[in-house]
There are 2 protein chains.
Amino acid sequence: MAISDVDCCETYELHPDRINLVNAGMPDEDKLYDLAELFKVFGDSTRIRILYALFESDICVCDLAETLQMTQSAVSHQLKILKQSKLVSSRREGKSVFYFLADDHVRTMINQGLEHVSE
Amino acid sequence: MAISDVDCCETYELHPDRINLVNAGMPDEDKLYDLAELFKVFGDSTRIRILYALFESDICVCDLAETLQMTQSAVSHQLKILKQSKLVSSRREGKSVFYFLADDHVRTMINQGLEHVSE
DNA sequence: TGAACATATGAATAATTGTTCATATGTTCA
DNA sequence: TGAACATATGAACAATTATTCATATGTTCA
């Protein structure tokens, strides 16, 4: 029934102690999924560049598009994803919409990632 | 020539001060790419589950496959990606290969992500 | 109200990617 | 050495996704 019965592990010398220990520490499926989804949002260089831009200053869609040399549409699509993940928020000022970082986890996570890739 | 000339920003009221500020703080293209690639590795629930497993104990491929109810091949492919990103390392013990976390950034990053999704 | 500006969004396309299947490589032990 | 075990890997397929294009929504101001 399980994958192990029909596939790779019929004859493997398993280590039940380790398997139980690992399963005990494993978060719920929902949490794992949410966590992966969050990282997936960071896993695109366009979105990383948008977040970096917001490190410095609140900024409107038009300025973002100009800064990143992208179309307004592409930027807008990515901002929507960032907003759904609650990494950014926005406020309207007249015709413009300004985006800003929703909280400081973003900086912390990106800095932690930078430490890793800088080694 | 630039995208802005032909597309979205011909008539936009840009804010040069903000744009310059943002560009000054923007890391190199290479660094941005590496950073996005790193996050992309975290952005898959299978790999997150593997990393969680390694929080508890070094573990061999077979036990990982059994624990996560996946085929040995799928686990092995993902371990390769994690290893290329230097998030895990491995040592051989006889026929088995044991994997373990390469450094503590992994824990820090995942915990930081958890804080965000737990709000 | 109507025209111009600024942003958002749906559909389509191209590119990326996780898993499976088949098989290759590496290790142990009789 | 040969057989069985454990892991790694290449090719193929299905699913996801970033961007583009066309257009809709929302705002200001004459």
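Sequence lines set the chain letters: A, B, ... in the order given, protein chains first and strands last, and positions in each chain run from 1.
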Separation of D:dT9 atom P from B:Leu79 atom CG, nearest Å, is 11 Å

Stem ranges of DNA chain C by first residue number, counting only runs of at least 3 Watson-Crick or G-U pairs under 3.5 Å, come to C:1-30 with D:1-30

Against the side chain of A:Lys95, the closest entry in D:dT28, D:dT7, D:dT19 is D:dT28

Rounded to whole Å, CZ of B:Arg91 lies from C1' of D:dA6 at a distance of 15 Å

Exercise for the section: Would you indicate what A:Leu64 reaches in the nucleic acid, counting non-hydrogen atoms under 4.0 angstrom: base, sugar-phosphate, or nothing? Expected result: nothing

Among the nucleotides C:dT17, C:dT19, D:dT20, whichever has the atom closest to the side chain of B:Gln78 is C:dT19

task: Would you tell me if any nitrogen or oxygen in the side chain of B:Gln72 comes within less than 4.0 Å of OP1 or OP2 on D:dA6?
output: no

Is it the case that atom NZ in A:Lys86 sees more than 12 heavy atoms from other parts of the structure closer than 6.0 Å? no

Backbone N/O of B:Thr46 and side chain of B:Asp44: donor-acceptor pair under 3.5 Å: yes

Separation of C:dG18 atom C1' from A:Leu32 atom CG, nearest Å, is 17 Å

Separation of D:dA18 atom C1' from B:Glu37 atom CD, nearest Å, is 14 Å

Nearest-nucleotide check on DNA chain D, A:Ala74 vs B:Lys80; residue mapping nearer the 5' end is B:Lys80

Report yes if at least one side-chain N or O of A:Ser73 is closer than 4.0 Å to OP1 or OP2 of D:dT19; otherwise report no. no

Heavy atoms from other residues, nucleotides or ligands near OH of B:Tyr33 exceed 12 (cutoff 6.0 Å): no

*Would you say D:dA6 has OP1 or OP2 under 4.0 Å from some side-chain N or O of B:Tyr99?*
no

B:Glu93 CD to C:dT28 C1', in whole Å, measures 14 Å

Closest to the side chain of B:Val97, out of D:dT9, C:dG10, D:dA8, is D:dA8

Output yes when at least one side-chain N/O atom of A:Ser76 is less than 4.0 Å from OP1 or OP2 of C:dT9, else no.
no

Closest heavy-atom pair, B:Lys83 versus B:Ser90, reported as atoms and distance to 0.1 Å, is NZ-OG, 2.6 Å

Describe the nucleic acid contact of A:Lys83 in one word from base, sugar-phosphate, nothing, applying a heavy-atom distance below 4.0 Å.
nothing

Closest to the side chain of B:Arg47, out of D:dA18, D:dT20, C:dG18, is C:dG18

Among C:dT7, D:dA18, D:dC21, the one nearest any side-chain atom of A:Ser96 is C:dT7

Can you find a heavy atom in the side chain of A:Leu114 that is under 4.5 Å from one in the side chain of B:Leu38?
no

For B:Ser45 and A:Leu32, the nearest pair of non-hydrogen atoms, with its separation, is CB-O, 4.2 Å

Separation of C:dA8 atom P from A:Met70 atom CE, nearest Å, is 14 Å

Nearest-nucleotide check on DNA chain C, A:Phe98 vs A:His77; residue mapping nearer the 5' end is A:Phe98

* Using only side-chain N and O atoms of B:Arg92, determine if any of them is under 4.0 Å from OP1 or OP2 of D:dA6. => no

Here the distance between atom P of C:dT16 and atom CG of A:Asp44, to the nearest Å, is 12 Å

- Is the backbone N or O of B:Lys40 less than 3.5 Å from a side-chain atom of B:Arg47, with the two atoms forming a donor-acceptor pair by type? yes

- Using a 4.5 Å cut-off on heavy atoms from C-beta on, say whether the side chain of A:Gln112 contacts that of B:Gln112. no

B:Tyr33 OH to D:dA18 P, in whole Å, measures 14 Å

